[in-house]
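Report on one structure; see the data block that follows.
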Amino acid sequence: MSKKVKAAIIGPGNIGTDLLMKAMRSELIEPVWMVGVEAESPGLKRAKEMGLKTTSGGVDGMLPTMKADGVQICFDATSAYVHAENSRKVNAQGAVMIDLTPAAIGPFCVPSVNLAEAVAAKAMNVNMVTCGGQATIPLVAAVSRVQAVSYGEIVATVSSKSAGPGTRKNIDEFTRTTASGIEKVGGAASGKAIIVINPAEPPLIMRDTVHCLTVDEPDQEAITRSVLEMIKEVQKYVPGYTLKNGPVFDGKRVSIYMEVEGLGDFLPRYSGNLDIMTAAGLRTAEMYAEQILAGNFVPTAA
Amino acid sequence: MDIKGRKITVHDMSLRDGMHPKRHQITVAQMVDIAKAMDEAGIPLIEVTHGDGLGGASVNYGFPAASDEEYLTAVCREMKNTKVSALLLPGIGTVDHLKMAVDCGISTIRVATHCTEADVSEQHLTMASQIKGLDRVGFLMMAHMIEADELVAQLKLMEGYGANCVYITDSAGYMLPDDVTSRVALARSELRPETELGFHGHHNLAMGIANSLAAVAAGANRIDGSLAGLGAGAGNTPLEVFIAVCERMGVETGVDLFKAMDIAEDKIVPMMDHLVRVDRDALTLGYAGVYSSFLLFAKRSAQKYNLSSRDILVELGRRRTVGGQEDMIEDLALDMARARGTIQ
């Protein structure tokens, strides 16, 4: 495999650095730029040592040369507040934006469920929902593809250490965006999301519970099969995505208990919630790259 | 203990924490009937919502008999003097729920987080501070799990976000009077003098009254309880008992004791699905430091998977679970049943 699509990562924090480490292994993506805002940022230094071009001037620092450098895909791992501006700027330079913030200005993308659609639609901005959404929406979809789901609810429990200041300052964004993803991508008529932060030491591995209420009596065999298949799909990009218990059937309730362990690239293994975001973001980029390399899609400024 | 002459505000929990032992099935008519009687008895403040607060309606915590909006609207419009509060746990409810509750007529919002996670309340307390005249309470749950100095640092965060009152909440009913004294006293000395201080107890070790008195002696002026103790676990501090003790000790609550007793005996107890008391499992909550609303979930899972609910609760304590992790209970029960070979 020789040809790769060049990419830029905006935000050299924990998420951006973990994403960089995963992208360095990719056969389809070549990270060439790391964009930050603080010259002393250890993430920028690390990226520079790994051979990337870096700037502490924000996206503006990369804009003059990004086209010449061949950047066709950007990842935004900053915050919802600056995302729209970042996206507009890189789109104007003909690069697709993969949004890891909760800004959600583009369509939701959960790789195992609707990535093909998002790529086929040739969207110039796709949003990765939330960590809890990435971990649970595939399972809501696994039930709803078997039979109608009137209500999907998820409970994401993350360790205190893996819940960053951005999440904490705007925790409602998590519950709202995830609930919306459960409906739009998961296929539940109505969705609810709950997040619990637990400070136990050693930090607990991300846990997720998915409860679905089916319209008719659940077809236990078909749902179990669909759930197990979906878990295998997600494991392709998150190997530590593990069924702990279930599906449990109780009347029309279907409950699935999951654990998500990260790869431990840059982030600790317990923070599967962060790992699943970077892995999903990279998986999305790779699907775009396949289309770009096959000549099916040429990202262009609107 | 000399607390004679102190004036405190008692806050009744029967129609919120009391939703837990009722599996959130108290009807709107029952709520209105009880709330009106409490108004008549001079109880100054009562809490009304799903047991897990605004937005608690869920598979995970249970679907209530009516929506928060229906309960709050029905109760608020009948109150003459009594004020109504609502509870909000960030991660479960959002600022949208908060606005709805304000529109329904609440006068107090209580924003609750785990004791180490006060910063998730910033969004909600900040918004609450922008609503004119709204009483804003920061509520730190499972307060037994950290030391007094760590707890006070978290209380200060809430004070900084705009809480005019902060609470030390013994969600597991684990604390002993000295635990309460040390925490409340340090909070009192470190917080702004105008910031009110509250204590919310559970009666799992039968310490509800003793702990509430310790809190008052150390500087708290708001005390939660519920009539007949209707609350999660072995219930909250039994409010009519606390009021009687306050009268004996010369502490002013403004509540008519006999009327409060009558509500407990004639309205609340007959409504109970089971007698809320220190049974073996509730005692285990207090002993092992487990979130009180886990009680019925553990009993149900124990029955379903043929396990001991005490074993489940002890293990939940060992794993240092926090409020809201009800989903852990069936998951854990399945693991335990598998380990015992009773399921595959």
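Only heavy atoms go into these numbers, but all of them, side chains included; no hydrogens, no water, no symmetry mates. To find a chain, count down the sequence lines: A is the first, B the second, and so on, and within it residues start at 1.
Heavy atoms of other residues, nucleotides or ligands lying less than 6.0 angstrom from CD of B:Q303 number 12 at most. The environment of CZ in B:F297 is crowded: more than 12 heavy-atom neighbours from other residues, nucleotides or ligands sit within 6.0 Å. Heavy-atom neighbours of B:E147 CD from other residues, nucleotides or ligands within 6.0 Å: at or below the threshold of 12. The neighbour count for A:R145 CZ, taken as heavy atoms of other residues, nucleotides or ligands under 6.0 Å away, is above 12. Heavy atoms from other residues, nucleotides or ligands lying under 6.0 Å from CD of A:E221 number 12 at most. Heavy atoms from other residues, nucleotides or ligands lying under 6.0 Å from NZ of A:K161 number 12 at most. The local environment of NZ in A:K169 is sparse, with at most 12 non-hydrogen atoms from other residues, nucleotides or ligands closer than 6.0 Å. The environment of B:E69 atom CD is sparse: at most 12 non-hydrogen atoms of other residues, nucleotides or ligands sit within 6.0 angstrom.
In terms of modelled atom types and a separation under 3.5 Å, the side chain of B:E117 and the main chain of A:S160 share no donor-acceptor contact. The main-chain N or O of A:V196 is never found under 3.5 Å from a side-chain atom of B:Q325 such that the two would form a donor-acceptor pair. The backbone N or O of A:G246 sits nowhere less than 3.5 Å from a side-chain atom of B:D331 that would complete a donor-acceptor pair.
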Handout entry: Criterion side chain to side chain contact (heavy atoms under 4.5 Å, CB included) on A:E153 and B:N60, from CA distance to verdict
Key = CA-CA 8 Å; A:E153 174 183 312; B:N60 207 42; 3.1 Å; yes

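Within the 4.5 Å cutoff, the side chain of A:I171 has heavy atoms near those of the B:Q123 side chain. Considering only heavy atoms from C-beta on, A:R207 comes within 4.5 Å of B:D327 through its side chain. With contacts defined as side-chain heavy-atom distances shorter than 4.5 Å, the pair B:F63/A:L213 qualifies. At a threshold of 4.5 Å between non-hydrogen side-chain atoms, the residues B:V322 and A:P199 count as touching. The side-chain heavy atoms of B:H124 and A:D172, taken from C-beta on, include a pair separated by under 4.5 Å. The closest side-chain heavy-atom distance from A:Y151 to B:S58 is below 4.5 Å.
With respect to chain B, the highest number of heavy-atom pairs below 4.5 Å among A:T167, A:T157, A:T175, A:N170 belongs to A:N170. When the candidates B:T116, B:I92, B:D119 are compared by the number of heavy-atom contacts under 4.5 Å with chain A, B:D119 comes out ahead. Contact count against chain B (heavy-atom pairs under 4.5 Å) is highest for A:N245 among A:N245, A:I195, A:V248.
The contact between A:T209 and chain B is made by backbone and side chain atoms together, counting heavy-atom distances below 4.5 Å. In this structure, the portions of A:K244 lying under 4.5 Å from any heavy atom of chain B include both its backbone and its side chain. In this structure, the portion of A:A193 lying under 4.5 Å from any heavy atom of chain B is its backbone and not its side chain.
In this structure, NZ in B:K304 is found 4.5 Å from CG in A:D250, a value given to the nearest 0.5 Å. Atom CG of A:N198 and atom OG1 of B:T321 lie 7.5 Å apart (nearest 0.5 Å). B:E330 contributes atom CD, which lies 4.5 Å from atom CZ of A:R253 (distance to the nearest 0.5 angstrom). In this structure, OH in A:Y257 is found 11.0 Å from CG in B:L332, a value given to the nearest 0.5 Å.
When every heavy atom of A:K192 is checked against every heavy atom of B:G55, the shortest pair comes out as NZ-O, 2.8 Å.
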